[in-house]
Amino acid sequence: MDIETSGPMSPRARFAQELERHRREAGLSQIALSARMCCHTSLISHIERGRRAPTRDFAEGLDRAFGVDGHFVGLFKQISHSPNLGWFARWVEEIEPQAVILQSWDPLLVPGCLQTPEYARALLSSTSPADQLEERVLARTQRVQLFDAPGGPIYLALIDENVLHRPIGGTAILANQLRYLLELSSHPRITIQVVPVAAGCTVGMVTGFVLARLRDGAEIASTDSLLAGHVTGDYGVVAQLKVRYETIRADAHSQSMSQRLIEEAAAKWVS
């Protein structure tokens, strides 16, 4: 196996091990199993080798293919709730490239993939070892290239109005960040909407989060906490966050009004 998330018997490694074991015991090649499940052979290969995380739909398909009621869905649930997912790496390497739409809410900061290197560096410098800082800044900021790739996702970003007036790294860095946001807001795949302070937005102040809908129809969520992030495909959690997102978005300014607010804030920090 190429990837181990937290040791040889991590939930993801165990899923891969069980997939290979059941396939071999059934006398099936990867090609034969993919034909039975109506999926690409490469998908089975990648999951067996730990290069890609399974979705719930895939787990349900395995349960049907092998006639094991709920076995693989149970293993999938262990992955979804594992605290050792390496959440950022999993999100960037496995979730974002497979997404058709991303929806984010940020009550405190500019979303990571929309940050300038200077803004990201100001945020990460207090928590990253000096020899890893630039690598982490690059990993965060280069994600914007995803939206220029063929078949890249649509991105809908909601940010709290206070983010425009929080001088992370100093006024010059924030002014430059806001100008960059304004530029990105004209991208055909990116929509940025500002949620006004007057909205109160108590439903959204608990945490920031991102929702991803993947090409295979699966829905995944990434949530922030004080110390770490968490990635889950749990239907209940995703459903709650979808309702919360729509509640927040109902109070957001339009794209054009949001652009005006960003432009005015940028001018304020320059003067």
Side-chain angles (χ1 to χ4, degrees), residues 1-102 139 142-143 145-154 210-222 229-239 242:
M1 184 172 295
D2 293 335
I3 295 176
E4 297 179 355
T5 58
S6 62
M9 288 306 293
S10 69
R12 183 166 156 189
R14 185 179 178 192
F15 189 104
Q17 183 184 73
E18 284 292 285
L19 167 55
E20 183 176 13
R21 182 176 71 82
H22 277 74
R23 179 178 61 77
R24 292 185 183 280
E25 288 179 355
L28 296 173
S29 66
Q30 291 180 345
I31 295 174
L33 179 58
S34 67
R36 181 178 293 191
M37 294 181 63
C38 298
C39 68
H40 290 295
T41 305
S42 62
L43 176 61
I44 293 174
S45 175
H46 287 328
I47 291 176
E48 278 195 7
R49 295 176 66 82
R51 292 178 176 174
R52 183 171 173 184
T55 64
R56 186 185 181 105
D57 286 344
F58 184 83
E60 291 174 347
L62 288 176
D63 282 338
R64 290 191 296 268
F66 295 122
V68 286
D69 186 24
H71 177 67
F72 283 97
V73 168
L75 293 174
F76 169 79
K77 289 179 179 179
Q78 293 178 29
I79 296 173
S80 297
H81 293 88
S82 173
N84 299 312
L85 283 171
W87 73 275
F88 182 74
R90 181 187 173 194
W91 187 263
V92 172
E93 296 172 8
E94 300 175 9
I95 306 301
E96 286 184 341
Q98 297 298 321
V100 294
I101 183 169
L102 295 164
Q142 70 180 359
R143 291 156 58 207
Q145 299 172 10
L146 181 67
F147 305 112
D148 291 321
I154 293 171
V210 186
L211 297 165
R213 187 184 310 149
L214 308 188
R215 294 170 191 164
D216 62 4
E219 294 182 307
I220 310 292
S222 170
H230 179 64
V231 175
T232 180
D234 181 85
Y235 281 10
V237 173
V238 173
K242 286 170 69 176

Between [X] and [Y], which heavy-atom pair has the shortest distance, and what is it?
| X | Y | answer |
| --- | --- | --- |
| A16 | I47 | CB-O, 3.3 Å |
| I44 | Q30 | CD1-O, 3.8 Å |
| A99 | P153 | O-CB, 3.3 Å |
| L62 | V68 | O-CG2, 4.3 Å |
| R215 | P97 | NH2-O, 3.0 Å |
| L214 | I95 | CD2-O, 3.7 Å |

Problem set entry | D216 side chain near L43 side chain, heavy-atom distance below 4.5 Å | no

How long is the straight-line distance from [atom2] of [Y] back to [atom1] of [X], given to the nearest 0.5 Å?
| X | Y | atom1 | atom2 | answer |
| --- | --- | --- | --- | --- |
| M37 | R64 | CE | CZ | 7.5 Å |
| F15 | E20 | CZ | CD | 13.0 Å |
| T232 | I220 | OG1 | CD1 | 7.5 Å |
| I31 | H40 | CD1 | NE2 | 13.5 Å |

Exercise. Got a sec: does the CZ of R23 have more than 12 other heavy atoms crowding it under 6.0 Å?
Worked result: yes

Exercise. In this structure, are over 12 heavy atoms from other groups packed under 6.0 Å from D148 atom CG?
Worked result: yes

For this session: Determine the interplanar angle of the F66 and H22 rings, folded into 0 to 90°, and report it as parallel if under 30°, tilted if 30 to 60°, perpendicular if over 60°.
Result: tilted

Exercise. Just by distance, do the side chain of D63 and the backbone of V73 share a donor-acceptor pair under 3.5 Å?
Worked result: yes

Problem set entry | Criterion side chain to side chain contact (heavy atoms under 4.5 Å, CB included) against E219, the qualifying member of L211, I101, V238 | V238

